[in-house]
Amino acid sequence: MEAEDYPAAADAFLRGSMAIGKLAKVTENEKLREKRLTLAKNYMQVGKELKKGIIPVKSKPKEYKRSKEVHGSTIGTEPGEEEGFEKYVEQNLIATSRMTWENIGGLNSVKETIKESVVLSIIEEKPEAIKPWKGILLFGPPGTGKTLLAAATAGSLEATFFNVKVGQILSKYFGESSKLVSALYSVGRKKSPSIVFLDEFDSIALSRSGEVAESSRRVLSTLLSELDGLQDKDSGRYVLTMAATNTPWDIDSAVLSRFPKRIHIPLPDKEACLEIIRIHTIKEGLKLDEQILDEIAVRCTENLFAGRDIATLCNDAIWNMVRSENPALGSLADKPVDAIQEYRLGVRELTAGDFEKSFESVRSAVKARDVARYDKWAEEYGSG
Ligand SMILES: Nc1ncnc2c1ncn2[C@@H]1O[C@H](COP(=O)(O)OP(=O)(O)O)[C@@H](O)[C@H]1O
Ligand SMILES: [Mg+2]
């Protein structure tokens, strides 16, 4: 197809739409079917417009200019400076998320709460009394799935996912960090729906000395005003901030008040452990006996394993299986690449023995008294 051959493009879109529509009809997974139908509709729309001679134009460059002018004249920054920060955000902080809720074991009520909050925020017609959450705080031991949850929220909404490590922004951009935060939300609104994920959120409150404290204070006040800001209702722009922390007690109360939804992400119970083990073994195509699975799940809870520890355990056990089935694996390294490529890896069902050695090497990062501390904080400050 020639560049700018719009009639041909229109045909391609229309044919694509029909094909995806057909595929949707035979798709059993409801969510996937929904997605495909939407895609088919979009293609149809684009195809029809192209036929009519309407060329879809990206409106983004225009918006860029406008924001530059507004900020440039009111705040008096160098022309182009805002744009620079926004470019940085676009190039470095946006991630695409293909994570789905099914990739997360356990946490069923948490998933429901998040889904409800998100849906409620997006519904346009609602009584005044129902105020959407602009911020959700996820707290709990490390490795329990906080990042996964934020990614799944973005993935399921097909939202733009801004993955931001707060500590990194603070240390790298020092005096300029607060401009970066403004740029973050500005880009977030433009690319809405957006999920702004602030990881290691406590690091804002933790740095309390000298110069860092000053810049950190500025970042905080910028962030709080973004969180307080009125949602631009008419534009249908939706930016949800999700913050995560392993040390919720380090966050000061002014910040906490902006996060009315504070959700405890605890260590997995036995049922959740079962699901997480399945996700990291069986769902990846390996076999594992149900009885053994059950025993491993029990041991995971006894060892206070987080999801990350379980993932490590499974990975390690898989390696043990691979090594035992392919004793000469290392010696392959001396062979030419095509010989290596053709090697058929021996694989068998996972056994209790594969996991036995792994249990010796994986250690939980938390102690029982830590767990109690999270529970206590959740009781006092948590919600949902
Ligand atoms: N609930 C879970 N289900 C499946 N895998 C999990 C779960 N929790 C953690 N994991 C595994 O541990 C890794 C780290 O989880 P992550 O979401 O980054 O933890 P956190 O952000 O709470 O520290 C994930 O990439 C995943 O492999
Ligand atoms: Mg994380």
Side-chain angles (χ1 to χ4, degrees), residues 93 95-115 136-156 161-169 195-204 206 241-251 259 261-286 288 293 296-297 300-301 303-319 355 358 361-366 370-371 373-375 377-378 382:
L93 302 177
T96 41
S97 165
R98 290 205 185 76
M99 186 59 61
T100 66
W101 300 109
E102 285 80 51
N103 296 124
I104 306 176
L107 299 173
N108 291 323
S109 66
V110 172
K111 287 187 214 169
E112 278 314 302
T113 307
I114 295 178
K115 284 185 204 171
I136 295 179
L137 178 73
L138 306 175
F139 66 92
T144 43
K146 297 180 286 297
T147 304
L148 289 185
L149 285 164
T153 308
S156 70
F161 186 46
F162 296 85
N163 194 353
V164 183
K165 288 211 161 58
V166 175
Q168 213 170 22
I169 284 203
I195 304 292
V196 174
F197 180 54
L198 305 175
D199 207 358
E200 303 170 5
F201 191 57
D202 44 273
S203 52
I204 267 195
L206 269 180
T241 304
M242 296 181 84
T245 178
N246 304 333
T247 53
W249 35 82
D250 283 331
I251 297 173
F259 289 89
K261 260 294 178 221
R262 301 167 204 147
I263 306 179
H264 186 194
I265 315 298
L267 291 181
D269 59 12
K270 190 196 150 192
E271 279 311 305
C273 286
L274 279 174
E275 280 183 39
I276 300 173
I277 299 165
R278 276 204 190 92
I279 287 172
H280 293 282
T281 54
I282 298 170
K283 287 198 181 157
E284 295 195 336
L286 293 166
L288 177 60
L293 180 78
I296 298 167
C300 286
T301 56
N303 288 1
L304 301 180
F305 276 4
R308 178 181 286 135
D309 304 318
I310 300 178
T312 309
L313 178 87
C314 293
N315 206 13
D316 201 72
I318 292 168
W319 263 107
F355 282 90
S358 310
S361 61
V362 182
R363 290 271 171 275
S364 164
V366 296
D370 303 321
V371 174
R373 193 172 182 192
Y374 287 109
D375 286 344
W377 200 88

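Just the heavy atoms: all of them, side chains too, but no hydrogens, waters or symmetry mates, feed the values below. We count ligands from 1, going down the list as the structure has it; atoms in each ligand are counted the same way.
Less than 4.0 angstrom separates some heavy atom of Asn103 from each of these atoms of ligand 1: 3 (N), 4 (C). The ligand atoms of ligand 1 that sit less than 4.0 angstrom from a heavy atom of Ile104 are 1 (N), 3 (N). Close contacts of ligand 1 with Ala311, meaning ligand atoms under 4.0 Å from a residue heavy atom, involve 27 (O).
Under a 3.5 Å cut-off, the side chain of Asn103 and the backbone N or O of Thr100 do form a donor-acceptor pair. Between the Lys146 side chain and the Ile265 main chain, no donor and acceptor come within less than 3.5 Å of each other. Between the Ser364 side chain and the Leu304 main chain, a donor and an acceptor come within less than 3.5 Å of each other.
At least one heavy atom of Gly143 sits less than 4.0 Å from an atom of ligand 1. For His280, the closest heavy-atom approach to ligand 1 falls below 4.0 Å.
Atom 12 (O) of ligand 1 has its closest protein heavy atom at Arg308 CA, 3.1 Å. Closest to atom 3 (N) of ligand 1, if we only count protein heavy atoms, is Gly105 N, 2.9 Å. In terms of protein heavy-atom proximity, atom 21 (O) of ligand 1 is closest to Thr147 OG1, 2.7 Å.
Counting heavy-atom neighbours within 6.0 Å of Trp249 CH2, excluding the residue itself, gives a total above 12.
The existence of a salt bridge linking Glu275 and Arg278 is excluded, since no basic side-chain nitrogen approaches an acidic carboxylate oxygen closer than 4.0 Å.
Counting heavy atoms under 4.0 Å from ligand 1, residue Ile310 does not touch it at all.
Considering Gly145, Ala150, Ala365, Gly307 only, the shortest heavy-atom separation from atom 11 (C) of ligand 1 involves Gly307. With Asp309, Ile276, Leu107, Leu148 as candidates, the residue nearest to atom 26 (C) of ligand 1 on a non-hydrogen basis is Leu148.
Asp309 and Thr312 share no donor-acceptor pair across their side chains, judged by distance under 3.5 Å alone.
At least one N/O-N/O distance between Lys146 and ligand 1 falls below 3.5 Å.
Aromatic pair Phe201/Phe259: ring centres closer than 6.0 Å.
Here CZ of Arg373 is found 12.5 Å from CG of Asp375. Values are rounded to the nearest 0.5 Å.
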